[in-house]
Every structure is written in structure tokens, then in C-alpha cells.
**Q** 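Here it is: the structure, laid out below.
The figures here come from the full heavy-atom set of this structure, side chains too, leaving out hydrogens, waters and symmetry mates.
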Amino acid sequence: MANARSKTRSADSKRSVKPAKASSAPVKPAPAKSARGKAAPLKSAAKPAPAKRKSAPAVFIDPAGETAAPATVGKSKSAAGSTTAASRAPGKQAASQAAKTAGARIRAAAPVLPENIALVLQGGGALGAYQAGVYQGLFDAGVAPNWIAGISIGAFNTAIIAGNPPEKRMDALREFWDTISRPNVFPATTFGQEAHFAGLDADTRAWLDTWEAWRAIVEGQRGFYQPRTWLGQDPFAQPGPAAASFYDTSPMIATLERLVDFDRLNDDGIRVSVGAVNLRTGNLEYFDNTQMRLDARHILASGALPPAFPAIEIDGEFYWDGGLVSNTPLSQVLTASPRRDTLVFQVDLWNARGELPQNLLDVAERQKEIQYSSRTRLITDTQRVFQHYRRLLRELLEEIPEDVRKHNPWAQHAAELACDRRYSVIHLIYRDRAKIGHFKDYQFGRVAMREHWLSGQSDIARALAHPEWLQLPHGESAFVAHDATAP
């Protein structure tokens, strides 16, 4: 920026994360108890920005201090059982040493972190296991977002993470994906032996993927959705907006209520934003726990993709999947007010760039990729320009005498628009095993789920291998984006 000042203003709230000290035994901090008897969120010495409710500071969590023992998650009061989802989850088969190494490198570098760390999760159905792998990599590296925003399957992952205490989040994610990756009626095709299917040849794997997608259509997915025809209902009748769909998603409400503590989601300090489309207005709306109390309906509404899933009624209005208008909440995070220095992990499941389709199946796949890709580069380029002008305006205002700034209405309005905040976006796009075909968003087979998850771990580990990316831009630049999965 021309004539930009390089000085650092006191208005920028920053925290320096010190390297973790070596210890012979892992030690977990003993959190204070809140009035509700739950563990209160860890607090930072930095004063939070003004808001309607206090957000938890973005902190580093040492995974060495977390227990790996199976634990009951959310509001479930029953024991997890002798054989838990954690013991069967894909993350258990492959060590997350890369992410832990990256975390050690980050702590050694002691980067200055912004006051706000956001995790932005795109919609993409079955591909959402990739986001779970990304979160596991962040967790293993000790990076804890304090704002999670999601659309569709991203909203489900958001609820699972924010609705559990840190030590139970990975168990909850594993149990969630372990549940919804199972067919609704008969046992899983692979009978829990997913790792043995990793080396299948391309033709055999294509048949397996097609078979799993067919089962998802005919049987539904356990704890997620089931065909209405199995329930004796006619989807072509006139049942009303809450039942005009091919599938019934009431099983997902039970799954969310079992795995998510919505009191914690609303009160624990992590900001949660999920987007859905109002059927009456056609506008994208965000349900945000800084403005309302969220429950399972808000999460389910964000993933109510028609005509497969029915609209969800909330306070007299009906909502569909937010991906119909925008498949990413990135703009919501970058334009939030009051603006704060922010590090964003943007996790996309659809790649806008692709190959030319050669047949009708390719056409169907490419159409979905273009329709549901987030236009993330357009959003970041636009926000980069906006932030450039906001900072330029701030610099110019400082050249105007103070008495003029106080009394001139145009100067006062300019002060409202001006901003010297800085943003860093780390962008991840799932590319590894995304060539399943046009049904990759509803192919919930356990082999594919395992691959999606491990790919997310691998990609975030590569991103965290650059500790400098966690730092905010300096000098003239107020906005920077890092493409962590660029080919």
C-alpha cells in the first residue's frame, strides 16, 4: 500500500504462544468450574474484542495432555461399550506423527497468533470425512479454533466439535463418521476390514464405489437418513414442505442429540455459525450462537439438500441446505463486525478446477464440482482489495487533524469503514481421492470415508509444516491467502 505505515498499533490484539516445556508425564491444566458445573473455557490474558457474548480465546492444546481412552460424548449417558468407535476409526490405523511433528515445530517457533482463529467448513456430503481428518491434524498439532462456521456436512462437523469438550472431540467425530458410514439395513460391505481394501485395482474399486453409492440410495445411511418408501410414505403426494423429499432425516436429529451437548455448544465460548436458505425469501441466513441458541434443527436445516432431504421448520420458517446459495461461510467470517485479526483455515470439498468431461457421467460430476465449489479464490481476492482500501482509509484519516475527525460527519463515517486488521487464510481443497465419480458426495462407504479422513490429515500436516503461515501479514499487505494443496 502506498504511504503505508509500518508501525504496529496497540489496537492489534496479539498473543505469543510459547513453546511447550518437556515433561516426563503429560499434565492437563485443571479448568475452573463454571456455575453450571462444567469446565470453564481457558482464558487468555488478551482482552477480547467487544461482542454480544464473550468468545473463547484461540489457544494451543497440547495433545500429549489429552486422554486417548474411549469416552462417552455429548449428552449420551450410556457407556461407549467395550468396542468403541475410537478403536475402529480410520485415524487409529495411521499415526498422526506428521501433524504432531508440525505442532512441535509451531510451538518451537512461538508464533504470534491472532486473537481469532476460524475453521471454515464447506458442504460436500460424504466428502466431509476429509474435514474430520483436517481437524484431527489441527488437534494433534495443538491448534484450537475459537470460531467454527459450516455449511451442510460442514455444519454437522461444526456441531460435533463445538458440542464436546476438547478431550472428547476426536472420539465424538469418530463415532459420528463411524455411524453414518454404515448402511441403514444390512452390515457394512467391508465388515470393518477397510484397510485391506486400500490396494484394490482401479476396476474393482470402481465397482465397490458404485455398489456403496447404490446402497446409500436404496438403504440410506444409519443414523442419518432412510427412504420414505420403506416407511410406507409416498414422496410424490402432498405431505407439506416438512415431508416433501425422498428421504426422512429424523435419524440425524437423534444422532446429533446423542453426540452433541447443545448447552456446551451455545455456552462454552466457541462461536458457531451455520448457514441455511430460507425457502420463503430465497436468502441465505446464518444461525449464530452469539445471536440465538442453536439446537439440532439449525444444524439439520443447514444440510437439508432437496429433493433428497426435507425442509426443516424453525420458528415458522422453512429452510434448505445453505449450499444452494453459497457452499462456504468464508464471506461471513471475513466480513463479521467488529473486525478482528484473524487466521482462517478454509477447508473445501469441491475443486472448482477440473478436467473436461468426456461422457455424461463426467458431465454430472463436473457440474457438481462447479456448482458447489466455493469460489474461494474470488472471495479472497475481493476481500484482499476491500481490506487494502480499509487500511488505506485508516492511514489517510490519521493525516486529518483530530478536531476535524471529531466533528466532520464524513470523517466520522470514514472512521467506521476504516480498518487496520489483518487476515491470513490457509486454503485446503480435497483433491486426493475425489475421483470417485458423480456420486462421491453420497458414497458413504467406509473405505472411501477412511481415505477422505486420512487425506485430510495429510493435507493439514503439509500446511502446518509452514509455521510462518500462522502469522498475520506484515507491512503493506493486510490480507494474504496460502493455497495449502496447490498441485
**Q** Using ring centroids (six-membered ring only for Trp), state whether H298 and F287 fall under 6.0 Å.
**A**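 Yes: the rings meet the under 6.0 Å criterion.
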**Q** Hey, would you say the F309 and F224 ring centroids sit under 6.0 Å apart?
**A**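 Ring centroids of F309 and F224 are less than 6.0 Å from each other.
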**Q** Students often mix this up, so state it plainly: with edges at 30° and 60°, are the rings of H438 and Y442 parallel, tilted or perpendicular?
**A**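 It falls in the perpendicular class, over 60°.
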**Q** So, do R431 and D459 sit near enough that their side-chain heavy atoms are less than 4.5 Å apart?
**A**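 The answer is no, as the side chains (C-beta and beyond) never meet within the 4.5 Å cut-off.
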**Q** Can you tell me if N289 uses its side chain to pair, donor with acceptor, with the backbone of V272 under 3.5 Å?
**A**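 Yes, N289 side chain to V272 backbone: donor-acceptor pair under 3.5 Å.
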**Q** Is the backbone of F186 close enough, under 3.5 Å, to the side chain of E219 for a donor and an acceptor to pair up by distance?
**A**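 A pair under 3.5 Å: yes.
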**Q** So V344 and I426, side-chain contact (heavy atoms from CB on, under 4.5 Å) or not? Walk me through it.
**A** CA-CA 6 Å; V344 180; I426 298 177; over 6 Å; no
**Q** With side-chain contact (heavy atoms from CB on, under 4.5 Å) as the test, would you mind laying out the steps for I270 and W147 before giving the verdict?
**A** CA-CA 5 Å; I270 294 180; W147 186 358; 5.9 Å; no
**Q** For W177 and W453, indicate whether the former's side chain and the latter's backbone hold a donor-acceptor pair under 3.5 Å.
**A**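 Looks like no, no N/O pair under 3.5 Å.
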**Q** Ignoring hydrogens, what is the shortest heavy-atom contact between T158 and G154? Give both atom names and the distance.
**A**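 The answer is OG1-O, 2.7 Å.
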**Q** Quick check: does any side chain N or O of D362 sit under 3.5 Å from a backbone N or O of Q358, one acting as donor and the other as acceptor?
**A**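 Checking the backbone N and O of Q358 against the side chain of D362, a donor-acceptor pair under 3.5 Å is found.
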**Q** Give a yes-or-no answer on whether the side chains of D209 and Q443 include a donor-acceptor pair shorter than 3.5 Å.
**A**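 Judged by distance alone, the side chains do pair up.
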**Q** Grab the two heavy atoms, one from D441 and one from F444, that are nearest each other, plus how far apart they are.
**A**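 Shortest heavy-atom contact: O-CE1, 3.9 Å.
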**Q** Assess, by modelled atom type and distance only, whether the side chains of S424 and Q471 contain a donor and an acceptor separated by less than 3.5 Å.
**A**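 No, because no side-chain N or O of S424 sits under 3.5 Å from a partner of the opposite role on Q471.
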**Q** Would you mind reporting whether F345 and L138 have side-chain heavy atoms less than 4.5 Å apart?
**A**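 Side chain of L138 against side chain of F345, heavy atoms only: contact under 4.5 Å found.
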**Q** Quick check against the 3.5 Å criterion: does T255 have a side-chain atom that pairs as donor or acceptor with the backbone of G223?
**A**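 Yes: the side chain of T255 pairs with the backbone of G223.
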**Q** Would you call E451 and R205 a salt bridge, using N to O less than 4.0 angstrom?
**A**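 Salt bridge: yes.
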**Q** Should Y130 and L428 count as side-chain neighbours, where that means a heavy-atom distance under 4.5 Å?
**A**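 In short, these two side chains touch, coming nearer than 4.5 Å.
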**Q** To the nearest 0.5 Å, how far apart are CD in Q131 and CG in L119?
**A**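 The CD atom of Q131 sits 7.5 Å away from the CG atom of L119.
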**Q** Please report the C-alpha distance between D178 and R450 in whole Å, then the side-chain angles of each, then the deciding distance to 0.1 Å, and finally whether the salt bridge (Lys or Arg N to Asp or Glu O under 4.0 Å) criterion is met.
**A** CA-CA 10 Å; D178 178 80; R450 179 179 185 273; over 6 Å; no
**Q** If only atom types and distance count, is the side chain of Y135 paired as donor or acceptor with the main-chain N or O of N157 below 3.5 Å?
**A**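 It does not hold such a pair.
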**Q** Show your reasoning for whether side-chain contact (heavy atoms from CB on, under 4.5 Å) applies to I299 and V260.
**A** CA-CA 11 Å; I299 308 304; V260 177; over 6 Å; no
**Q** If I compare all heavy atoms of S302 with all of A155, which pair ends up nearest, and what's the gap?
**A**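 Minimum heavy-atom contact is OG-CB, 3.5 Å.
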**Q** Examine distances only and state if a side-chain atom of Y225 and a backbone atom of A216 form a donor-acceptor pair shorter than 3.5 Å.
**A**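 Side chain of Y225 to backbone of A216, a donor-acceptor pair under 3.5 Å: yes, one is there.
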**Q** Could you check whether any side-chain heavy atom of R182 comes within less than 4.5 Å of a side-chain heavy atom of R446, counting everything from C-beta outward?
**A**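 Yes, their side chains come closer than 4.5 Å.
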**Q** What closest approach, in Å, do G133 and Q457 show between heavy atoms, and which atom pair accounts for it?
**A**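 The answer is O-CG, 3.4 Å.
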**Q** One thing to verify: whether K168 and D171 come together as a salt bridge, which I'm taking to mean a side-chain N less than 4.0 angstrom from a carboxylate O.
**A**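 Salt bridge between D171 and K168, a charged N being under 4.0 Å from a carboxylate O: no.
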**Q** Evaluate the side-chain proximity of N116 to N146: yes if any heavy-atom separation is below 4.5 Å, no if none is.
**A**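 The answer is yes, as the side chains (C-beta and beyond) meet within the 4.5 Å cut-off.
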**Q** Identify the two heavy atoms, one from A118 and one from V333, that lie closest to each other, and give their separation to 0.1 Å.
**A**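 In terms of heavy atoms, the two residues are closest at CB-CG1, 3.8 Å.
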**Q** Got a second to check how far I429's CD1 is from D483's CG, nearest 0.5 Å?
**A**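 I429 CD1 to D483 CG: 5.5 Å, rounded to 0.5 Å.
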**Q** May I ask you to say whether E355 pairs ionically with R366, meaning some side-chain N is under 4.0 Å from a carboxylate O?
**A**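 Salt bridge between E355 and R366, a charged N being under 4.0 Å from a carboxylate O: no.
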**Q** Between V218 and R215, is any pair of side-chain heavy atoms under 4.5 Å apart?
**A**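 No, side chains not in contact.
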**Q** Does T328 reach the main-chain N or O of L330 with its side chain, forming a donor-acceptor pair under 3.5 Å?
**A**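 Here the side-chain-to-backbone pair exists.
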**Q** Show your reasoning for whether side-chain contact (heavy atoms from CB on, under 4.5 Å) applies to N283 and V325.
**A** CA-CA 8 Å; N283 294 328; V325 173; over 6 Å; no
**Q** Check F156 against G303 and note the closest heavy-atom contact, atom names and distance.
**A**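 Closest pair (atom of F156, atom of G303, distance): CZ-CA, 4.4 Å.
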**Q** For the residue pair R228 and P310, establish whether any side-chain heavy-atom pair is separated by less than 4.5 Å.
**A**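 Touching, per the 4.5 Å side-chain cut-off.
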**Q** Is any side-chain heavy atom of T281 less than 4.5 Å from a side-chain heavy atom of E285?
**A**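 The answer is yes, as the side chains (C-beta and beyond) meet within the 4.5 Å cut-off.
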**Q** If only atom types and distance count, is the side chain of Q122 paired as donor or acceptor with the main-chain N or O of W350 below 3.5 Å?
**A**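 Yes, Q122 side chain to W350 backbone: donor-acceptor pair under 3.5 Å.
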**Q** Do side-chain atoms of D268 reach the backbone of N164 as a donor and acceptor pair under 3.5 angstrom?
**A**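 No; zero donor-acceptor contacts below 3.5 Å.
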